[in-house]
Amino acid sequence: MYTRQVAFSSDKNSTAKKISVFDTTLRDGEQTPGVSFTTVDKIEIARQLSDIGVSVIEAGFPASSQDEYATVKAIVAEGLESTICGLARSVKGDVDRCIDAGVDMVHVFIPTSEVQRTHTIRKTHEEVVSITGDIVRYARDHADKVLFSAMDATRTDLPELMEVFKAAVNAGATAINVPDTVGVATPTSMKSLISALRKEITCTIDVHCHNDFGMATANTISAVEAGADQVQVTVNGIGERAGNADLACTTMIIESIFGYTTGIKTTRLVETSRMISRFSGLMVPPNWPVTGDYAFSHESGIHAQGVLEHASTFEPGIMTPEMVGHRRRLKLGKHVGRHAVREMLNQVHIIPDEEQIDAIIARVKQIASKGKKITEQDLYEIAETVVGSGAHSRFIDLIDIAIMTGNHMIPTATVRAMVNGSEKVCSCTGNGPVDAAVRALIGTVPRHAELKEFNVSAISEGSDAIAHVALVVQDDKGQLFDAAASGDDIVLASAEAMANALNMVYRNGTDNS
Ligand SMILES: CC(=O)SCCNC(=O)CCNC(=O)[C@H](O)C(C)(C)COP(=O)(O)OP(=O)(O)OC[C@H]1O[C@@H](n2cnc3c(N)ncnc32)[C@H](O)[C@@H]1OP(=O)(O)O
Ligand SMILES: CC(C)C(=O)C(=O)O
């Protein structure tokens, strides 16, 4: 099973086992401290989740507030392909709010572990069994799909858990969920729990794993191995405390390693991850699997040489960057080697001889060992000093830039630049000063170029911090270029980074008209 290689989910054999993806970014994901999506954000996120093939979207907890109720109702009104689910405590009022909001699926939950029963709802096991039967029956009288969760299932005594689940199934639950509410399961314990339940429960078995010990995805996968049919995930693994299992990682393990199907359009995983980073304000660490910036980046010489020859040498192979909507990148740093440097320079038509390559690498390593980040632009400048004048002629050089901005005016930038030997001036307005500056710079060059990604981070602390701007520009042929610049003025650093990107666009193309 572990060596199976699949190209894309849509290529899957139609007999492949289907695992449903239940996304709870809008409910548990929003329980991340500090995260609050607006109704407009939630509708846009729900559309994206539905478009990429999520089976069930948990849109929210309608009884928690009037706003939440209205948002869930608005998501239902979108008429999306995905099943829309609402969460409810085991009380009729909560279930009524779900029904009134028009959800397709009601998700009722009740604590079953002794610690939670005693200290949250103050009920005995027998009372929990009885409430479960009553509430599931009530929900089922009003909804076709009822998911029942035994909260803190993984800390519940197994015979008691089985009894609660059976009460739910007998009352009409269409699916049962096994939450590892405080993330204490291990892959082994999860496997044995799901195997035991699978023997006696015939309806859909769903799992919801938290990441307190960093095992949410591993535990979810173990549950699938033991026979679970549905996985609860969030985009970027956001959620209460340390979060939940990550949608992208879980999907790719199920698809690429197990060879099952999820119905997820995996080529849209990176785009979805970035969307949630934007709306949640929580950036994915660059080394995050699948969707992180460095998931397919290679810095060390030995890896880069292997990957240039055959990508599967130092990548999984069964998961390529294209499969998840990512890009393979060679990175410069202390561990870089000749093959990578030669490739990066050749791409922009700089052809150093072997001796010059040695000199360039020595310089790169010297700078990198001082802890400095090296961009492609730095590499070209180093190459110029080694290879000689003309190796790195810049197509565009920023001469000066003037910005007007304020609370009662449209931000406007005027840029003067030397473009292919002649001076050009362009003024543009934008959403903000950075947007205006970037647009004005693009306006000075003849070919179409589009800003695709923009990232700014502070290198030092305080309001006088040095800003590092990293961006990605797409040329008129669809090719992407990464560029960066740093400085104490965020607008200037952005304009410099854009000028660096445009130089790469023109250096790479032969047609500079
Ligand atoms: C593991 C999870 O992620 S579960 C989902 C957690 N999500 C949330 O809590 C977000 C939404 N929650 C809220 O907006 C509020 O907590 C509300 C509206 C649901 C309830 O608010 P309040 O009435 O102020 O109660 P509060 O939140 O302080 O306490 C929770 C109450 O729900 C009860 N409760 C908790 N879980 C359940 C359950 N599954 N079934 C029935 N009652 C429950 C508790 O016993 C407590 O009741 P009490 O007031 O009689 O002591
Ligand atoms: C409501 C349930 C599924 C939950 O979020 C949990 O137990 O963590």
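Start at 1 and go down the list; that is how both ligands and their atoms are numbered. Owing to the predicted nature of the structure, the values given are computational and were not obtained by experimental measurement. Every heavy atom of this structure was used, including side-chain atoms; hydrogens, water molecules and symmetry mates were not.
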(message) Out of all atoms in ligand 1, which are within 4.0 Å of some heavy atom of P111? Include the element for each.
(response) 39 (N)
(message) If the cut-off is 4.0 Å to any non-hydrogen atom of S149, which atoms of ligand 2 fall inside it?
(response) 3 (C)
(message) If we count only non-hydrogen protein atoms and require a distance under 4.0 Å, does atom 22 (P) of ligand 1 qualify as touching the protein?
(response) no
(request) Using a 4.0 Å heavy-atom cut-off, say whether T24 meets ligand 2 through its side chain, its backbone, both or neither. (result) neither
(message) Out of all atoms in ligand 1, which are within 4.0 Å of some heavy atom of S64? Include the element for each.
(response) 11 (C), 13 (C), 14 (O), 18 (C)
(request) Using only heavy-atom distances, determine whether the side chains of D28 and H208 contain a donor-acceptor pair under 3.5 Å. (result) yes
(request) Answer yes or no: is there an ion pair linking E68 with K42, defined by an N-O contact shorter than 4.0 Å? (result) yes
(message) Salt bridge or not between D435 and R439? Use side-chain N to carboxylate O under 4.0 Å.
(response) yes
(message) Could you identify the single nearest non-hydrogen protein atom to atom 2 (C) of ligand 2 and state the distance to 0.1 Å?
(response) R27 NH2, 4.0 Å
(message) When you measure from the heavy atoms of Q31 to every atom of ligand 2, does any distance fall below 4.0 Å?
(response) no
(message) For ligand 1, which is the ligand I care about here, please tell me if F61 has any N or O atom under 3.5 Å from one of the ligand's N or O atoms.
(response) no
(request) Can you sort out which atoms of ligand 1 are near T120, meaning under 4.0 Å from one of its heavy atoms? (result) 44 (C), 45 (O)
(message) Tell me whether atom 32 (O) of ligand 1 lies less than 4.0 Å from at least one protein heavy-atom position.
(response) yes
(request) May I ask you to list the atoms of ligand 2 that are less than 4.0 angstrom from any heavy atom of M151? (result) 7 (O)
(request) Show which atoms of ligand 1 fall inside a sub-4.0 Å distance from at least one heavy-atom site of I110. (result) 39 (N)
(message) Do Q232 and D206 pair up side chain to side chain, a donor and an acceptor below 3.5 Å, judged on atom types alone?
(response) yes
(message) Between the side chains of R198 and D229, is the shortest nitrogen-to-carboxylate-oxygen separation below 4.0 Å, so that they form an ion pair?
(response) yes
(request) Report the part of E240 in contact with ligand 2, treating N, CA, C, O as backbone and CB onward as side chain, heavy atoms under 4.0 Å; options are side chain, backbone, both, neither. (result) neither
(message) Among all the protein's non-hydrogen atoms, which is closest to atom 1 (C) of ligand 1, and how far away is it?
(response) M151 SD, 3.4 Å
(message) Strictly less than 4.0 Å: does any protein heavy-atom distance to atom 15 (C) of ligand 1 fall in that range?
(response) no
(message) So if I count the atoms of ligand 1 from 1 in the order they appear, which ones are less than 4.0 Å from some heavy atom of S90?
(response) 38 (C), 39 (N), 40 (N), 41 (C)
(message) Would you say that more than 12 heavy atoms from the other residues, nucleotides or ligands in this model lie under 6.0 Å from the NZ of K17, or not?
(response) yes
(request) Can you sort out which atoms of ligand 1 are near R122, meaning under 4.0 Å from one of its heavy atoms? (result) 48 (P), 50 (O), 51 (O)
(request) Examine R89 against ligand 1 and note whether any of their N/O atoms are separated by less than 3.5 Å. (result) yes
(message) Is it the case that over 12 heavy atoms from other parts of the model lie below 6.0 angstrom from the CD atom of E81?
(response) no
(request) Considering heavy atoms of the protein only, find what lies nearest to atom 39 (N) of ligand 1 and give residue, atom and distance to 0.1 Å. (result) F109 O, 2.7 Å
(message) Does K334, at its NZ atom, have more than 12 non-hydrogen atoms belonging to other residues, nucleotides or ligands within less than 6.0 Å?
(response) no
(request) Check ligand 1 against Q31 and write out every atom of the ligand that is under 4.0 Å from a heavy-atom position of the residue. (result) 3 (O), 5 (C), 6 (C), 7 (N)
(message) Could you tell me if S65 and D67 have a donor-acceptor pair between their side chains, going purely by distance under 3.5 Å?
(response) no
(message) Strictly distance-based, threshold 3.5 Å: is any side-chain N or O of S90 a donor or acceptor partner for the main-chain N or O of F109?
(response) yes
(message) Please check if the number of heavy atoms outside L158 that lie under 6.0 Å from its CG is greater than 12.
(response) yes
(request) Could you check atom 42 (N) of ligand 1 against the protein and tell me its nearest heavy-atom contact, residue, atom and distance included? (result) I121 CG2, 3.6 Å
(request) Report the distance from atom CG of D41 to atom CZ of F279, rounding to the nearest 0.5 Å. (result) 4.5 Å
(request) Distance to 0.1 Å, residue and atom name: give those for the protein heavy atom nearest to atom 4 (C) of ligand 2. (result) H208 NE2, 3.5 Å
(request) Note the single closest protein heavy atom to atom 3 (C) of ligand 2, along with its residue, its atom name and the distance in Å. (result) N177 ND2, 3.5 Å
(request) Look up atom NE2 in H326 and atom CG in L269, then write down how far apart they are to the nearest 0.5 Å. (result) 10.5 Å
(message) Using a strict threshold of under 4.0 Å (side-chain N to carboxylate O), is an ion pair present between R137 and D134?
(response) yes
(request) Verify the distance criterion only: is there a donor paired with an acceptor across the side chains of T272 and Q48 at less than 3.5 Å? (result) yes
(message) Can you name the atoms of ligand 2, numbered from 1 with element, that are less than 4.0 Å from a heavy atom of D28?
(response) 5 (O)
(message) Out of all atoms in ligand 2, which are within 4.0 Å of some heavy atom of H210? Include the element for each.
(response) 8 (O)
(message) When you measure from atom 4 (S) of ligand 1 to the protein, is at least one non-hydrogen atom found at a distance under 4.0 Å?
(response) yes
(request) Can you pull out the closest protein heavy atom to atom 7 (O) of ligand 2? Residue, atom name and distance to 0.1 Å, please. (result) T181 OG1, 2.6 Å
(request) Establish whether atom 7 (N) of ligand 1 and some protein heavy atom are separated by less than 4.0 angstrom. (result) yes
(request) For N177 and S149, test the side chains for any donor-to-acceptor distance below 3.5 angstrom and give the result as yes or no. (result) yes
(message) Protein heavy atoms near atom 46 (C) of ligand 1, is at least one of them under 4.0 angstrom away?
(response) no
(request) Classify the contact between R27 and ligand 1 as side chain, backbone, both or neither, using a heavy-atom distance cut-off of under 4.0 Å. (result) side chain
(message) Atom CG of residue position D144 - does it have more than 12 heavy atoms of other residues, nucleotides or ligands inside 6.0 Å?
(response) no
(request) Please check if a non-hydrogen protein atom sits closer than 4.0 Å to atom 27 (O) of ligand 1. (result) no
(message) Does the protein come close to atom 49 (O) of ligand 1 - that is, does one of its heavy atoms sit below 4.0 Å from that atom?
(response) no
(message) Taking I318's backbone N and O only, do any of them form a donor-acceptor pair with S256's side chain (distance below 3.5 Å, no angle check)?
(response) yes
